[in-house]
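As structure tokens, the structure follows; a few thoughts come after it.
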Amino acid sequence: MSPGMSWKAFAAPALLLLAAGCQQMPGTPKPGVEVPRPDSITSFTVLYRQNCAGCHGTDGQNGAALDLANPVYQAWVDDATLRKIIAGGEPGTQMPAFGQPAGGFLTSDQIDAIVHGMRSSWQKPDALNGQTPPPYASTGTGDATRGQAVYQSACARCHEQSGHKVTDSTYLALVNDQTLRTIVIAGRPDLGHPDWRGGAGGHPLTDAEVTDLVAWLNTLRSETPGQPYAPHP
């Protein structure tokens, strides 16, 4: 510093440079690019893509799991059941629990957003055409002998011709009884599977017939699914 010059002449520019530098500190996010907290996301599109599409299909159909875009399914299952399945999973299947109390990552609000989004996107009026399907949950234990007869009259022709072996023990190991009941009643239109009204039996299936059918399919389960040999004693 030359004699007679004030220290303030140097301090002011330095402070300005420091202030400018603070605004560009490494790691400081630019406006509009902040990553939201995962539990703050309530967009159905985002939540469905991140958590559901891999199994249920990009648009709710043509996935390995149940087609959620099926309007019959959306008209049949109630909100409480949807929330319960999403939050707690479906035991005996590949459907995991997504709710935080069950070890998942989704909040209650996020689960509500998924349910509301499915309704808004895929629910259609008159999907049932005024007809009443059998109830979601079984009301009895079912009779396997009668169930085999139901399969032969209402299911066998299509399943045997198409090669979709619903009686295969490997398939049965991936689904529980409720999943079987759901597919029989709601159908899978994305795969050409009719609902309870369109089987080959010539009449809509009753609650008892669906229950008997599932009871028979349950007898075909194996303790060693996918293995062509019996377990060692």
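In what follows, residues are counted from 1 in the order of the sequence shown. Just the heavy atoms: all of them, side chains too, but no hydrogens, waters or symmetry mates, feed the values below.
In this structure a side-chain-to-backbone donor-acceptor pair under 3.5 Å is present from His56 to Leu66. Judged by distance alone, the side chain of Thr81 and the main-chain N or O of Val77 form no donor-acceptor pair under 3.5 Å. In terms of modelled atom types and a separation under 3.5 Å, the side chain of Ser153 and the main chain of Val150 share a donor-acceptor contact. Remark: the backbone N or O of Ile41 is paired with a side-chain donor or acceptor of Gln110 at under 3.5 angstrom. For Asn176 (side chain) and Thr93 (main-chain N/O), no donor-acceptor pair under 3.5 Å exists by modelled atom type. Here the side chain of Gln148 pairs no donor or acceptor atom with the backbone of Thr145 at under 3.5 angstrom.
Asp168 and Thr170 share a donor-acceptor pair across their side chains, judged by distance under 3.5 Å alone. Asp207 and Thr139 share a side-chain donor-acceptor pair at under 3.5 Å. A donor-acceptor contact closer than 3.5 angstrom links the side chains of Thr211 and Arg181.
The line from CG of Asp67 to CG of Asp190 is 4.0 Å long, rounded to the nearest 0.5 Å. Interatomic distance, Ile114 CD1 to Leu68 CG, rounded to the nearest 0.5 Å: 10.0 Å. Residue Thr107 holds its OG1 atom at 8.0 Å from CG of Leu47, rounded to the nearest 0.5 Å.
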request  = Could you give me the CA-CA distance, side-chain angles and deciding distance for Thr167 and Tyr151, then say whether side chain to side chain contact (heavy atoms under 4.5 Å, CB included) is met?
outcome  = CA-CA 10 Å; Thr167 57; Tyr151 177 81; 3.9 Å; yes
inquiry  = salt bridge (Lys or Arg N to Asp or Glu O under 4.0 Å), that's the test. Do Asp177 and Arg221 meet it? Break it down for me.
reply    = CA-CA 11 Å; Asp177 287 357; Arg221 298 185 186 277; 2.9 Å; yes
message = Run Asp79 and Arg119 through salt bridge (Lys or Arg N to Asp or Glu O under 4.0 Å) and show every step you take.
response = CA-CA 9 Å; Asp79 288 0; Arg119 299 306 201 191; 2.8 Å; yes
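Closest approach of Pro135 to Ile185, counting heavy atoms only: O-CD1, 3.8 Å. Pro134 approaches Thr206 most closely through the heavy-atom pair CG-C, 4.1 Å. Of all heavy-atom pairs spanning Pro36 and Ser40, the tightest one is CB-OG, 3.7 Å. Taking every heavy atom of both residues into account, Val72 and Ala127 meet most closely at CG2-O, 4.0 Å. Across all their heavy atoms, Ile86 and Met95 have their closest contact at CA-CE, 3.9 Å. Between Leu205 and Glu209 the shortest heavy-atom distance is CA-OE1, 3.3 Å.
The shortest side-chain heavy-atom distance between Leu172 and Leu180 falls under the 4.5 Å cut-off. A 4.5 Å side-chain heavy-atom check between Ser108 and Asp112 finds at least one atom pair inside the cut-off. Taking 4.5 Å as the limit, some side-chain heavy atom of His159 sits within range of a side-chain heavy atom of His193. The shortest distance between side-chain heavy atoms of Trp76 and Asn70 does not fall below 4.5 Å. A heavy-atom distance below 4.5 Å is found between the side chains of Cys155 and Leu213. Looking only at side-chain heavy atoms (C-beta outward), Gln131 and Arg197 come within less than 4.5 Å of each other. With contacts defined as side-chain heavy-atom distances shorter than 4.5 Å, the pair Asn51/Phe98 qualifies. Side chains of Lys124 and Gln74 form no contact here, defined as non-hydrogen atoms less than 4.5 Å apart.
Criterion: ILVMFWY side-chain heavy atoms under 4.5 Å apart, direct or through other members. Under it, Leu217 and Leu191 are not part of a common hydrophobic cluster. Residues Leu220 and Val210 share a single hydrophobic cluster, defined by chaining ILVMFWY side chains whose heavy atoms lie under 4.5 Å apart. Put simply, Tyr136 and Val214 are part of the same group of oily side chains (I, L, V, M, F, W, Y) that touch within less than 4.5 Å, one to the next.
Under the ring pair (Phe, Tyr, Trp, His ring centres under 6.0 Å) criterion, Tyr171 pairs with no residue, sequence neighbours left out. Every ring pair (Phe, Tyr, Trp, His ring centres under 6.0 Å) that Phe44 has, sequence neighbours left out, goes to Tyr48, Trp122.
By the neighbour-count criterion of 12 heavy atoms within 6.0 Å, atom CZ of Phe105 is sparsely surrounded, having that number or fewer from other residues, nucleotides or ligands.
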